[in-house]
Amino acid sequence: MSDVPVRPVTGFSALVAYALVTYKPDILLSSRPSFVGTFFQIWTLCFSIWAFWKVILYPKYFSPLRHLPGPENASWWNGNAARIFSEANGAPAAEWLRTIPHDGVFRYLGIFNSERLVTTSPKALAEICTRNYEFIKPRQLTYIGGQILGPGLVLADGDEHKRQRKLLMPAFAVKHIKDLYPVFWEKAKEVTDKMTELMKNDTSKEKELSTFDIGEWASRAALDVITLAALGKDFGAIKDPETPLNRTYRIVFEPTRLLQIFAILKGVIPGWIVNIIPIKRNLAMEHAAQTIKATCRDVIRIKQEKLARKELTDIDILSIMVKSQEIAEDGMVDQMMTFLAAGHETVSVGITWAIYMMCVHPDWQARLRAEVRESLPSPLSSDTNIASTDIDQMPLLNAFCNEILRYWPPIPMTTRTAACDTTILGHFVPKETRIIVAITGTNRDKNQWGPDADQFRPERWMTAEGKPDATGGASSKYGLLSFMHGPRNCIGSGFARSEMACVVAAWVGRFEFVLRDEKELDEKNVVVSGGAFSAKPLKGIWVKAKIVEGW
Ligand code: HEM
C-alpha cells in the first residue's frame with residue numbers, strides 16, 4: 001500500500017474537478033459546486049477504486065502468485081497482519097514454513113492483503129542470495145532503519161553496493177579480525193571485572209547471588225567493543241551506562257509498541273511522512289541520529305589529522321579506511337553509523353541468548369566453564385591476552401555459539417523486493433513483489449537439519465570424536481541463514497563470532513548463572529520482541545549470578 005499512487009490520483013482528480021466545475025457544473029450533486037469540494041470527492045472515489053483493486057481484487061483474483069500455497073487468511077481485508085504484528089519477528093512465517101506443504105516458496109497476505117512471498121528451499125534461497133541485482137532492499141527500509149544505519153553498506157544496492165563492499169572488505173579480512181582479538185578480550189575482561197566488583201559490593205544479594213539483566217550488560221559490552229574496534233575510541237559504556245552514546249542507543253533499540261506501529265505505517269503510507277510526524281519518538285530518533293553522526297564525524301576528523309601528521313598507526317576499521325584515502329568524509333560517516341548499529345545490537349542479542357540457554361542447559365554451562373578454565377587465562381591476570389587460535393581450539397565453546405546463532409538468530413527475518421519482473425523456482429514474480437527470507441524458520445527447518453531441527457543441540461556442531469563439524473549436519477549451506485549468503489552476506493560475521501565467543505567465555509568462566517524466574521526455563525514463557533530490529537527478549541533476561549572462585 002505504500003505505493004499509493006498519490007501523484008496520478010491527485011493530478012487526475014484536479015483535472016476532472018476543474019473540467020466538471022468549469023464546463024459541466026449541472027451534472028454535479030451540489031447546486032453551487034466548488035473546485036475544492038469536487039476535487040476531494042473525486043480524489044476519494046479514485047482512491048477507493050484503487051484500494052478495492054489493490055486490497056480485494058488483485059491479490060484474490062488477478063495476482064499471478066494467487067495459486068501458490070499459503071496460510072488461511074484471518075481477515076478478508078487484512079490477511080494475517082494481526083498475527084504478524086502481535087508475534088515475534090519472523091515467528092508466523094517460521095510456523096507456516098513447517099506446516100504448509102510447498103515446493104520452496106509460499107505466499108501469505110500481510111497488511112491490507114499485501115502479498116509476501118516466502119522462500120524456503122536451498123534452491124529458492126540461492127536465487128535470492130545470488131541474484132542481488134534482481135532482489136534488492138525494499139525502499140521502506142530506508143525509512144525504518146535508515147535514520148540510524150545511515151546510507152551505508154546495509155542499504156546500498158546495485159553497483160553502489162558493489163563499490164562500497166569492495167572498499168570495505170579489507171577492514172573485515174580474516175587477518176584483521178585476528179588482530180582485533182586483544183580488543184575483544186580486553187573488553188570481555190573489563191565487563192567481567194565490573195560485574196565481579198558490583199557483586200562483591202552487593203549487600204542486597206541472597207546466598208551470594210546478584211541479579212542482572214544480562215541483556216543490558218551484553219549491550220554495554222557490545223557497544224564498547226564496536227566503538228573501540230570500529231572507531232578506535234573507548235566510549236566507556238561498561239564503566240558508565242549513562243554515557244551519551246549508550247543512552248542514545250538504548251532509546252534506538254528499545255523494542256516499543258510504537259516502533260512496531262511505525263513500521264506498519266511505513267508499509268502503508270510513504271515512510272518519510274511517518275518520520276516527520278512531530279511526536280516524542282520521532283524527535284528522539286532524529287536527535288539520536290544527529291548524536292551518532294556527530295560522534296562519528298569527530299573521530300574521523302581526529303584520525304584524518306593524525307594521518308596528516310603521519311602518526312596514524314591504529315588498527316581499528318576506521319583507521320584502515322582513513323589510511324586507504326578512498327572514501328570521502330561523508331561516506332566514512334555513513335559507514336561508521338552502519339557498523340555501530342549493525343554490529344552492536346546483533347552481537348549483544350546473540351550473547352544474551354547464549355546466557356539464557358546456559359541457564360536452560362546447566363550441563364552445557366558446566367562443560368563450557370571447564371573448557372574455558374582449561375584453555376584460557378583468567379581475566380584476573382592482567383598481563384595475559386589471548387589470540388584467535390586460543391578460541392578456535394575450543395570445540396565446546398564454538399559448538400555452543402554456533403548453535404545459539406542457529407537456534408536464536410539475532411536477525412530472525414529479512415526482506416527483498418523484486419526490482420523487475422522475474423522468476424523464483426520457475427514461478428513468475430512480478431516487479432515490486434516483497435520477498436521474505438524466514439531466517440529462524442529456515443535455521444530450524446527439518447528438511448535441512450533433520451528431525452531434531454527444532455531442538456537446541458550444540459553437539460550437532462561436533463563430530464563423534466569431538467572435533468568441529470563446520471556444517472552442523474545441515475544438508476545445504478542455505479540451512480543456516482543467520483548471516484545470510486552471497487554478495488550481501490554479513491560483512492561482520494567473523495567479527496561477531498569472535499566477539500561473542502570472547503564475552504561468553506569470560507562470563508561462563510567466572511560466573512554461574514541461573515534464571516531469576518524459573519518459569520522462563522520454558523522458552524514459551526520468554527516474550528520475544530516483535531517490533532525491534534532484532535529478535536530479543538522483550539523484558540531482557542534477568543539472571544542470578546554467583547562468582548565461581550578459582551579462575
Ligand atoms: C551476531 C551478530 C550479527 C548477525 C546475526 C548479523 C546478521 C546479518 C545479516 C542477516 C545480514 C544480512 C541482512 C540482509 O541482507 O538483509 C547482515 C548484513 C550486514 N552486517 Fe551483520 N550481523 C551481525 C554482526 C555484524 C557486525 C559485528 C557488523 C560490523 C562490524 C555487521 C555489519 C553488517 C553489514 C555492514 C551488513 C550489510 C552487508 C551488505 O549488504 O553487503 N554485522 N548482518
Side-chain angles (χ1 to χ4, degrees), residues 89-90 119 125 128-130 132-133 135-138 140-141 144-145 149-169 171-173 176-177 180 183-184 218-219 221-231 316-318 320-321 334-354 401-402 404-417 434-440 442-443 478 480-504 533-536:
N89 277 340
T119 47
L125 289 163
I128 299 296
C129 290
T130 52
N132 60 316
Y133 279 72
F135 300 110
I136 60 172
K137 297 276 168 105
Q140 286 93 325
L141 278 190
I144 293 177
L149 277 169
L153 193 62
V154 171
L155 297 175
D157 262 312
D159 288 340
E160 177 56 20
H161 171 261
K162 201 169 169 184
R163 189 188 69 81
Q164 291 187 14
R165 180 107 186 177
K166 201 166 152 216
L167 287 173
L168 294 169
M169 278 308 277
F172 290 92
H176 185 236
I177 300 300
L180 288 174
V183 173
F184 301 143
S219 176
L223 182 59
D224 273 4
V225 170
I226 192 72
T227 47
L228 199 52
L231 295 171
D316 54 87
I317 295 169
L318 177 60
I320 293 181
M321 281 162 64
D334 296 339
Q335 299 304 346
M336 283 301 119
M337 286 182 77
T338 296
F339 294 146
L340 296 198
H344 165 203
E345 163 95 340
T346 46
V347 182
S348 94
V349 171
I351 296 170
T352 305
W353 284 121
C401 290
N402 281 343
I404 291 292
L405 291 168
R406 179 190 79 88
Y407 194 79
W408 292 113
I411 299 184
M413 58 171 279
T414 186
T415 85
R416 297 286 187 271
T417 297
R434 271 295 270 284
I435 320 285
I436 302 290
V437 180
I439 296 181
T440 311
T442 308
N443 282 6
Y478 292 101
L480 186 72
L481 297 179
S482 309
F483 294 107
M484 289 290 280
H485 293 285
R488 299 220 65 148
N489 74 343
C490 175
I491 201 170
S493 60
F495 182 116
R497 285 177 184 282
S498 316
E499 176 187 351
M500 193 173 154
C502 286
V503 177
V504 169
F533 298 104
S534 57
K536 66 178 178 185

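Note that ligands are numbered from 1 as they come in the structure, with each ligand's atoms numbered from 1 the same way. We number each residue from 1, following the sequence as shown.
Put simply, the side chain of His485 gets close to the backbone of Leu480: a donor and an acceptor are under 3.5 Å apart.
The minimum heavy-atom distance between Leu153 and Gln335, with the atom names listed, is N-OE1, 3.1 Å. Between Leu149 and Thr338, the shortest heavy-atom distance links the atoms O-OG1, 2.8 Å. Across all their heavy atoms, Asn443 and Leu405 have their closest contact at ND2-O, 3.6 Å. Here the closest non-hydrogen pair linking Ser534 and Glu345 is OG-OE2, 2.7 Å. Closest approach of Leu155 and Arg488 over heavy atoms only: N-NH2, 4.4 Å. In terms of heavy-atom proximity, Cys129 sits nearest to Pro487 at O-CD, 3.2 Å.
Taking every heavy atom of Met484 and a limit of under 4.0 angstrom, the matching atoms of ligand 1 come to 10 (C), 12 (C). Close approach of ligand 1 to Lys137 is summarised as follows: ligand atoms under 4.0 Å from at least one heavy atom of the residue are 14 (C), 15 (O), 16 (O). The atoms of ligand 1 that sit less than 4.0 Å from any heavy atom of Phe339 are 35 (C). Taking every non-hydrogen atom of Asn489 and a distance limit under 4.0 Å, the qualifying atoms of ligand 1 come out as 38 (C). Each of the atoms 38 (C), 39 (C), 41 (O) of ligand 1 lies under 4.0 Å from some heavy atom of Arg165. Every atom of ligand 1 is numbered from 1 in the order shown, and the set under 4.0 Å from a heavy atom of His161 is 39 (C), 40 (O), 41 (O). Atoms of ligand 1 found under 4.0 Å from any heavy atom of Ala496, numbered from 1 in the order shown, are 1 (C), 2 (C), 24 (C). Each of the following atoms of ligand 1 lies closer than 4.0 Å to a heavy atom of Ile411: 7 (C), 8 (C), 9 (C).
In this pair, Phe184 and Phe495 present their aromatic rings perpendicular. The plane angle is above 60°, beyond the 30 to 60° band.
No option in Thr415, Val437, Ile435, Asp157 other than Ile435 meets the side-chain contact (heavy atoms from CB on, under 4.5 Å) test with Phe135. None of Leu168, Asp334, Thr227 except one satisfies the side-chain contact (heavy atoms from CB on, under 4.5 Å) rule with Phe339; the exception is Leu168.
Scanning the protein for heavy atoms near atom 35 (C) of ligand 1, the closest one is Ile491 CG2, 3.5 Å. Protein heavy atom closest to atom 22 (N) of ligand 1, with residue, atom name and distance, is Cys490 SG, 3.1 Å. Residue, atom and distance of the protein heavy atom nearest to atom 24 (C) of ligand 1 are Thr346 OG1, 3.4 Å. Remark: minimum distance from atom 27 (C) of ligand 1 to any protein heavy atom is reached at Gly343 CA, 3.4 Å. In terms of protein heavy-atom proximity, atom 37 (C) of ligand 1 is nearest to Val154 CG2, 3.5 Å. Ser482 O, 3.4 Å is the protein heavy atom nearest to atom 7 (C) of ligand 1. At the shortest separation from atom 4 (C) of ligand 1 among protein heavy atoms lies Phe483 CE2, 3.4 Å. Among all non-hydrogen protein atoms, the one lying nearest atom 30 (C) of ligand 1 is Ile226 CD1, 3.5 Å.
Contact analysis leaves Leu168 out of contact with ligand 1, as no non-hydrogen atom separation drops below 4.0 angstrom. Using a 4.0 Å cutoff on heavy atoms, Gly350 does not count as a contact of ligand 1. The shell of residues lying under 4.0 angstrom from ligand 1, judged by heavy atoms, includes Arg416.
Taking each of Gly494, Pro410, Ala342 in turn, the one with a heavy atom nearest to atom 25 (C) of ligand 1 proves to be Ala342. Compare Phe135, Phe495, Phe172 by their heavy atoms: the one nearest to atom 29 (C) of ligand 1 is in Phe172.
On a distance-only criterion, Thr415 and ligand 1 share no N/O pair closer than 3.5 Å.
With 3.5 Å as the limit, one finds a donor-acceptor pair spanning the side chains of Asn402 and Arg497.
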Notebook entry, point to check: Checking side-chain contact (heavy atoms from CB on, under 4.5 Å) for the pair Lys137/Thr417: CA distance, chi angles, key distance, verdict?
Noted result: CA-CA 6 Å; Lys137 297 276 168 105; Thr417 297; over 6 Å; no
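The closest side-chain heavy-atom distance from Phe172 to Ile317 is below 4.5 Å. Two residues are said to be in side-chain contact when any heavy atoms from C-beta on lie closer than 4.5 Å; His176 and Ile320 meet this criterion.
By the criterion of a heavy-atom distance under 4.0 Å, the side chain of Thr414, and not its backbone, is placed next to ligand 1.
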